[in-house]
Student: 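One structure is given below, represented as structure tokens, and several questions about it will come after.
This is a predicted model, so every value here is computed, not measured.
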Amino acid sequence: MTEPRISVIIPVYNVEAYLRRCLDSVINQHYADIEIILVDDGSSDNSGDICDEYASKDDRIRVIHQENMGLYGARNTGLAAAVGEYISFIDSDDWIEAGTYACMIQIIDSYYPDIIRFGFKKVLNGKNVMEKKMPYREGIYEGTDIWELQLDTISNESMLDYKKTRILSACSNLYKRELIMNQGICFMSEREILNEDYLFVLQVSMSAESIYISDKSFYCYDTREGSITMSYRKNMVSRKKKLFHMYCQSLNTDDKHVRIRLKNFYIDCIYACIVNECGGYRGRVESIATIRKLLKDEKLQKYLEDNRRLANSGRTKCICFLMKHNLAAVMYDSYRLMKFLKSRVGV
């Protein structure tokens, strides 16, 4: 029996209301030479039974039941079990567009890249509320052309630049399994670092010799009020700093271009922690005190000075000024005001 071209790894944990939609989107793909690995990560609802039900009807599906380890552990279990030529990750409350893997196979047969990268859509209450595509020309990147893509996995070239989309979800890529296994790359616990996908994508991308950029948005995120991406994140500062530390360990910091991007990434990390405090989840006084402490970070202040010429927009220059002069209350109140105004005009 030949190995499947694509292994689809789906971690499953207490998603009985959404799991069938996810699985149907995979088993009904136009391209059929896939294996589907469902890792039931200790679900306490009917998710595990749904996995077994689908496996009894489709021999491409394998189910692994394990004690709860978290998303990283379920993904790593799936990686260890996979035998396909390429690896695809899907979160069990999301889904993929029809024809996704047929398009992937066409690209593989033409270019045989280490990674295929593509965009995504965000869906709220059944409506597409956002679409993000890769901000590069479609095609294969090899040799010197790949370096800019690899640098962009660290951070954007300009400081606090969010106009250029950086798509770093593990689910927005198809990976050559051999590359992952030969480099010994796996996921770190989300309890240790925040945005564990970032580190995984960074490590795989830095090991790649060829990347194909697709202009399609194949992946669909189910965005729900109160989901983890829309709520207050505890211990965010320590987990962001640990992520930065792991970035430094994974990269050649002797390269000046890498050092510049790493400084931008650290500034991004601290700013994300500030935004987390500005969400209105805690009291104003408590949040401002936390922001003030963040702005006293010596590394932040040094990197703001080192990369000051990379603050290219008026918005970024304003934010950097507030950060440089530790104007925590102004940052909090202005963010809350802008969020209120956007909500009033429906932005």
Side-chain angles (χ1 to χ4, degrees), residues 1-105 108 116 118 120-126 169-175 177 180 186-187 190 197 200 216-224 227-228:
M1 184 176 178
T2 60
E3 294 178 351
R5 300 294 300 278
I6 300 174
S7 294
V8 185
I9 298 172
I10 306 177
V12 177
Y13 181 71
N14 289 353
V15 285
E16 61 180 0
Y18 312 101
L19 182 55
R20 293 181 187 276
R21 177 184 60 190
C22 174
L23 297 182
D24 287 342
S25 78
V26 178
I27 65 175
N28 293 324
Q29 286 290 305
H30 303 154
Y31 183 79
D33 186 15
I34 62 176
E35 70 166 349
I36 304 164
I37 302 173
L38 307 180
V39 184
D40 172 27
D41 194 37
S43 297
S44 58
D45 64 0
N46 293 320
S47 296
D49 293 336
I50 295 172
C51 291
D52 292 335
E53 173 195 330
Y54 272 75
S56 69
K57 298 175 182 178
D58 193 323
D59 60 10
R60 297 175 300 170
I61 297 176
R62 284 191 285 154
V63 181
I64 301 172
H65 298 282
Q66 66 179 30
E67 293 185 5
N68 182 257
M69 295 178 62
L71 180 60
Y72 88 100
R75 284 175 169 174
N76 287 339
T77 296
L79 271 177
V83 298
E85 188 177 14
Y86 282 81
I87 298 290
S88 171
F89 294 103
I90 305 176
D91 290 342
S92 51
D93 52 351
D94 300 327
W95 68 96
I96 56 172
E97 296 283 11
T100 295
Y101 295 135
C103 290
M104 296 292 104
I105 290 299
I108 291 168
I116 301 173
F118 46 88
F120 65 85
K121 300 167 186 171
K122 286 190 175 183
V123 182
L124 178 63
N125 298 325
S169 167
C171 299
S172 280
N173 297 267
L174 192 76
Y175 314 89
R177 184 172 67 89
I180 296 173
C186 60
F187 288 91
E190 62 268 26
D197 282 26
F200 182 86
K216 305 294 191 300
S217 299
F218 292 116
Y219 196 85
C220 300
Y221 282 102
D222 185 43
T223 305
R224 301 186 301 277
S227 67
I228 190 169

Student: Measuring from Asp40:CG to Ile10:CD1, what's the distance to the nearest 0.5 Å?
Tutor: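 Here the rounded value is 12.5 Å.
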
Student: Just verifying a value: how many Å separate Cys103 SG and Gln29 CD, rounded to the nearest 0.5 Å?
Tutor: 9.0 Å

Student: Is the shortest heavy-atom distance from the side chain of Pro4 to the side chain of Asp33 under 4.5 Å?
Tutor: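 Contact flag for Pro4/Asp33 side chains = yes.
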
Student: Got a second to check how far Phe89's CZ is from Ile37's CD1, nearest 0.5 Å?
Tutor: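 Atom-to-atom, Phe89:CZ and Ile37:CD1 are 9.5 Å apart.
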
Student: Show the nearest heavy-atom pair for residues Pro11 and Ile9, with the distance to one decimal.
Tutor: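 So the minimum-distance heavy-atom pair works out to CD-O, 3.7 Å.
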
Student: For Ala74 and Val39, work out which heavy atoms get closest and say how close.
Tutor: O-CG2, 3.6 Å

Student: Check whether any side-chain N or O of Arg177 sits under 3.5 Å from a backbone N or O of Ile87 as a donor-acceptor pair, and report yes or no.
Tutor: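 Not confirmed, Arg177 side chain does not pair with Ile87 backbone.
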
Student: Start with the C-alpha gap between Val8 and Arg60, add the side-chain angles, then the distance that decides, and say whether side chain to side chain contact (heavy atoms under 4.5 Å, CB included) holds.
Tutor: CA-CA 10 Å; Val8 185; Arg60 297 175 300 170; over 6 Å; no

Student: First locate atom CD1 of Ile105, then atom CD1 of Ile108, and finally report the distance between them rounded to the nearest 0.5 Å.
Tutor: 4.0 Å

Student: Got a sec, which residues hit side-chain contact (heavy atoms from CB on, under 4.5 Å) with Ser47, two or more places apart in sequence or on another chain?
Tutor: Val12, Val15, Glu16, Leu19, Ser43, Asp45

Student: So, does Arg21 use its side chain to make a donor-acceptor pair with the main chain of Trp95 at under 3.5 Å?
Tutor: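 Pair absent, no side-chain N/O of Arg21 close to backbone of Trp95.
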
Student: Using the test ring-ring contact (aromatic ring centres under 6.0 Å, His included), find all partners of Tyr219 that sit at least two apart in sequence or belong to another chain.
Tutor: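 Counting only residues at least two positions away or on another chain, Tyr219 forms a ring-ring contact (aromatic ring centres under 6.0 Å, His included) with Tyr221.
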
Student: Tell me whether Asn28 at atom CG has more than 12 heavy atoms from other residues, nucleotides or ligands lying less than 6.0 Å away.
Tutor: yes

Student: Can you list every pair that meets salt bridge (charged side-chain N to carboxylate O under 4.0 Å, His left out) and has a residue in residues 95-104, with sequence neighbours left out?
Tutor: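 Only Glu97-Lys121 qualify under salt bridge (charged side-chain N to carboxylate O under 4.0 Å, His left out).
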
Student: Please find the pair of heavy atoms, one from Ser88 and one from Ile6, that lie closest to each other, and give the distance.
Tutor: CB-CG2, 4.2 Å

Student: Using side-chain contact (heavy atoms from CB on, under 4.5 Å) as the criterion, list what pairs up with Glu190, not counting sequence neighbours.
Tutor: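 By the side-chain contact (heavy atoms from CB on, under 4.5 Å) rule, Glu190 matches Leu71, Tyr72, Glu196.
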
Student: How are the rings of Phe187 and Phe200 set to each other: parallel, tilted or perpendicular (split at 30° and 60°)?
Tutor: parallel

Student: Any side-chain to backbone donor/acceptor pair from Asp94 onto Asp222? Under 3.5 Å, distance only.
Tutor: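 Confirmed, Asp94 side chain pairs with Asp222 backbone.
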
Student: Nearest 0.5 Å please: distance from the SG atom of Cys51 over to the CG atom of Asn46.
Tutor: 11.0 Å

Student: Not counting sequence neighbours, which residues clear ring-ring contact (aromatic ring centres under 6.0 Å, His included) with Tyr54? List them please.
Tutor: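 With sequence neighbours excluded, Tyr54 shows a ring-ring contact (aromatic ring centres under 6.0 Å, His included) to no residue whatsoever.
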
Student: If a pair satisfies salt bridge (charged side-chain N to carboxylate O under 4.0 Å, His left out) and one of its residues is in residues 61-71, list it, with sequence neighbours excluded.
Tutor: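 Qualifying pairs, neighbours excluded: Glu35-Arg62.
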
Student: Under a 3.5 Å distance rule, please check whether Arg5 uses its side chain to pair with a backbone N or O of Tyr86 as donor and acceptor.
Tutor: no

Student: Which residue is it: Ile36, Thr100, Ile96, Leu23? I am looking for the one with a side-chain contact (heavy atoms from CB on, under 4.5 Å) to Ile90.
Tutor: Ile96

Student: So Phe218 and Met104, side chain to side chain contact (heavy atoms under 4.5 Å, CB included) or not? Walk me through it.
Tutor: CA-CA 10 Å; Phe218 292 116; Met104 296 292 104; 3.3 Å; yes

Student: What pair of heavy atoms forms the shortest contact from Ile180 to Tyr175, and how long is it?
Tutor: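 Scanning both residues completely, I find the closest heavy atoms to be CD1-CB, 3.6 Å.
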
Student: What pair of heavy atoms forms the shortest contact from Asp41 to Met69, and how long is it?
Tutor: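 Distance-wise, the nearest heavy atoms are OD1-N, 2.9 Å.
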
Student: Measure the CG-CZ distance between Asp197 and Arg75 for me, rounded to the nearest 0.5 Å.
Tutor: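 It is 4.5 Å, given to the nearest 0.5 Å.
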
Student: With side chain to side chain contact (heavy atoms under 4.5 Å, CB included) as the criterion, how do Ile27 and Ile61 come out once you've worked through the C-alpha distance, each side chain's angles and the decisive distance to 0.1 Å?
Tutor: CA-CA 9 Å; Ile27 65 175; Ile61 297 176; 4.1 Å; yes

